[in-house]
Amino acid sequence: MGGTPGEDLAGKQVILGVTGGIAAYKAPLVVRGLKSLGIDVRVVMTDASRYFVTPTTLQTLSGRPVHTELFPETPPGAFEVEHIALADRADLLLIAPATADFIAKMAHGIADDLLSCIALATKAPVLVCPSMNVNMYLHPATRENLDILQKRGVFILEPASGELACGWEGAGRLPEPERIVAESKKILYQKDLAGISLLVTCGPTCEDIDPVRFITNRSTGKMGAALVEAAGLRGARVKVISGPVNREYAPWADVIMVRSAGQMLDAVRDNLSGADVLVMAAAVADYVPETYRGAKIKKGDKLTSLGLKSSPDILSTIRPFKDDKFFVGFAAETDNLSDSARKKLMNKGLDMIVANRVGESGTGFGSDTNSGLILSEAGVLDHFEQVEKEVLAHRILDFIRERL
Ligand code: C5P
């Protein structure tokens, strides 16, 4: 099994081009986010950007000299044509923020400063993050320029809507640095799951007893979210069916929120046909109230028991529609991990099962790490001990990819 593709990001080179808009104040946080992934960030600033953020700030955070001049007086190190050297070494050219003016220059091949020369010379993927006044953004000239770039294969991260620095409301706000870093990361990843569609269920289900109370479990959706993020980074199309959770899934995932086991079953049934792989990471309730009481059960009602019935087993119900889809289940167990997981693998007609220990610290619900094993019909594929859920997600995907 290969390493996590994410490890490859260390040492990748990203040129961050900063152009002259107010959102340039967010550029230092973009540098920090990229650096935290081990990425080597080279900042190139246009003249106008220096009104909004200083080269010293970006130099300090990137740990590299900031490039500003097309004709530097003393080229750093051995002589090289700076814009070509930077353009050639880049794994990604990220322009954040990108002004209307800079987008226009890129669209029309104008190369009159260091950054625009790099944009023309590089063969690396390019991600442009427009940020400007809403009227400038919606102007036909900007729309057409963005269209030109998109048709050339440039990635465009659409601006967010909201209150703009100029006082107007609308589209034009630079997305938050985390979002820009996430998009950059996605472009830099190996796309070994391109063309694959994953349907992932996540989180707990909530089974209502009355309008106030419900039965649920300790699942937080963390393992499922790690799988959604990792699969998207590696180029898969990802749809999520999630029970109630207190988290956001990766921005590129298509998310369907449900509440109960019954709703999750319906959503899985409705979305299964488009999927190559189903990963049932959700902790679906095994027992649900026999009846839902439309009015709150009062203290004085002296309730002594709750009538429960089994919930529909989603995997068993959809088994007839499996065809050549790859089904992965999860098993949360306190003991007899291997035996219980093997039984579930067989009984539910799964291709693979991930069994994790619960009820201890450092593994299972809500924890950042997990311990357990991955099983297929062929036997145990992997044992993992307190492995970060993000790393485990990539390992699970490696096994899925090998078997598709
Ligand atoms: O039987 P158990 O709940 O331990 O099985 C776990 C696996 O089965 C998980 O993948 C879970 O998402 C799935 N499951 C299901 N329908 C249920 C309960 C669990 O598909 N009602």
Side-chain angles (χ1 to χ4, degrees), residues 198-208 214-228 231 238-245 249 256-272 275 277-290 308-322 325-359 363-366 370-377 381 384 389 392-393 396-397 399-400 403:
L198 249 86
L199 183 61
V200 185
T201 66
C202 301
T205 64
C206 289
E207 312 301 334
D208 292 329
F214 55 89
I215 302 172
T216 190
N217 57 62
R218 294 173 196 265
S219 170
T220 63
K222 198 175 260 182
M223 188 64 237
L227 277 159
V228 170
V238 191
K239 202 175 257 191
V240 184
I241 299 171
S242 174
V245 287
Y249 292 99
I256 300 166
M257 296 301 298
V258 296
R259 184 165 174 83
S260 64
Q263 288 172 359
M264 190 170 274
L265 170 62
D266 290 343
V268 171
R269 244 195 220 129
D270 291 348
N271 290 281
L272 189 64
V277 179
L278 169 70
V279 182
M280 283 287 304
V284 188
D286 294 318
Y287 300 102
V288 302
E290 247 163 24
L308 298 176
K309 61 179 181 190
S310 297
S311 67
D313 191 280
I314 299 175
L315 280 168
S316 307
T317 313
I318 57 165
R319 199 170 168 179
F321 311 102
K322 184 174 182 299
K325 298 177 201 312
F326 194 88
F327 277 13
V328 182
F330 270 72
E333 305 289 348
T334 48
D335 46 59
N336 284 333
L337 213 58
S338 172
D339 287 349
S340 315
R342 203 179 308 277
K343 273 187 204 132
K344 282 179 192 173
L345 181 87
M346 299 302 170
N347 294 343
K348 296 186 184 227
L350 299 169
D351 297 291
M352 208 170 98
I353 191 158
V354 182
N356 59 279
R357 273 201 302 278
V358 292
T363 176
F365 298 133
N370 238 346
S371 300
L373 43 91
I374 304 177
L375 267 170
S376 78
E377 216 181 342
L381 301 174
F384 51 90
K389 287 183 174 171
L392 180 59
I396 294 168
L397 292 171
F399 284 118
I400 294 175
R403 276 154 191 79

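Ligands are counted one by one from 1 in listed order, and the atoms in each one are counted from 1 as well.
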- Query: Can you find a heavy atom in the side chain of Thr205 that is under 4.5 Å from one in the side chain of Gln263?
  - Reply: no

- SB check Asp313 Lys344 (cutoff 4.0 Å): no

- Got a donor-acceptor contact below 3.5 angstrom from the Glu207 side chain to the Ala261 backbone? yes

- Item | Main-chain N/O of Ala285 paired to Ser311 side chain as donor or acceptor, under 3.5 Å | yes

- Item | ligand 1 to Ile314 polar contact by distance, N or O atoms, under 3.5 Å | yes

- Task: Please confirm whether the backbone N or O of Ala281 pairs with a side-chain atom of Thr201, one donor and one acceptor, at under 3.5 Å?
- Result: yes

- Query: Any N or O of Leu315 that comes nearer than 3.5 Å to an N or O of ligand 1?
  - Reply: yes

- Query: salt bridge (Lys or Arg N to Asp or Glu O under 4.0 Å) with Asp351: which of Lys325, Arg403, Lys322?
  - Reply: Lys322

- Message: Distance under 4.0 Å to a non-hydrogen atom of Gly329: what atoms of ligand 1 satisfy this?
- Response: 10 (O)

- N/O of Ala331 under 3.5 Å from N/O of ligand 1, yes or no? no

- Whether Ala332 lies under 4.0 Å from ligand 1, heavy atom: no

- Item | For atom 3 (O) of ligand 1, the protein heavy atom that lies nearest, with its residue and separation | Asp286 OD1, 3.6 Å

- Item | Option with minimal heavy-atom separation from atom 1 (O) of ligand 1, where the choices are Met264, Lys348, Arg319, Met280 | Lys348

- Task: Please say whether Val328 places an N or O atom under 3.5 Å from an N or O atom belonging to ligand 1.
- Result: no

- Please examine the side chains of Pro244 and Arg259, heavy atoms only from C-beta on, and report whether any two atoms are closer than 4.5 Å. yes

- Query: Among protein heavy atoms, which lies nearest atom 9 (C) of ligand 1, and at what distance?
  - Reply: Phe330 O, 2.9 Å

- Query: Under 4.0 Å from any heavy atom of Ala285, which atoms of ligand 1 are there?
  - Reply: 21 (N)

- Query: Which ligand 1 atoms, with their elements, are less than 4.0 angstrom from a heavy-atom of Ser311?
  - Reply: 21 (N)

- Nearest heavy-atom contact between Ala283 and Asn217 is O-ND2, 2.9 Å

- Item | Test of proximity, Ala283 against ligand 1: N or O pairs below 3.5 Å | no

- Task: Hey, could you give me the CG/CG distance between Leu392 and Asn370, rounded to the nearest 0.5 Å?
- Result: 6.0 Å

- Item | Check: Thr201 N/O within less than 3.5 Å of ligand 1 N/O | no

- Query: Would you say Ile400 and Val279 make side-chain contact, with heavy atoms under 4.5 Å?
  - Reply: yes

- Task: Starting from atom 12 (O) of ligand 1, locate the nearest protein heavy atom and write down its residue, its atom name and how far away it is, to 0.1 Å.
- Result: Ala282 O, 2.7 Å

- Message: Under 4.0 Å, heavy-atom basis, I'd like to know which part of Ala281 is in contact with ligand 1: side chain, backbone, both or neither.
- Response: neither

- Considering only non-hydrogen protein atoms, determine which one is nearest to atom 18 (C) of ligand 1 and report residue, atom name and distance to 0.1 Å. Val284 CB, 3.5 Å

- Among Ala355, Pro312, Ala261, closest by any non-hydrogen atom to atom 21 (N) of ligand 1: Pro312

- Of Glu333, Lys344, Lys343, the residue with the heavy atom nearest atom 4 (O) of ligand 1 is Lys344

- Within a strict 4.5 Å, meaning less than it, do heavy atoms of the Ile215 and Val288 side chains meet? no

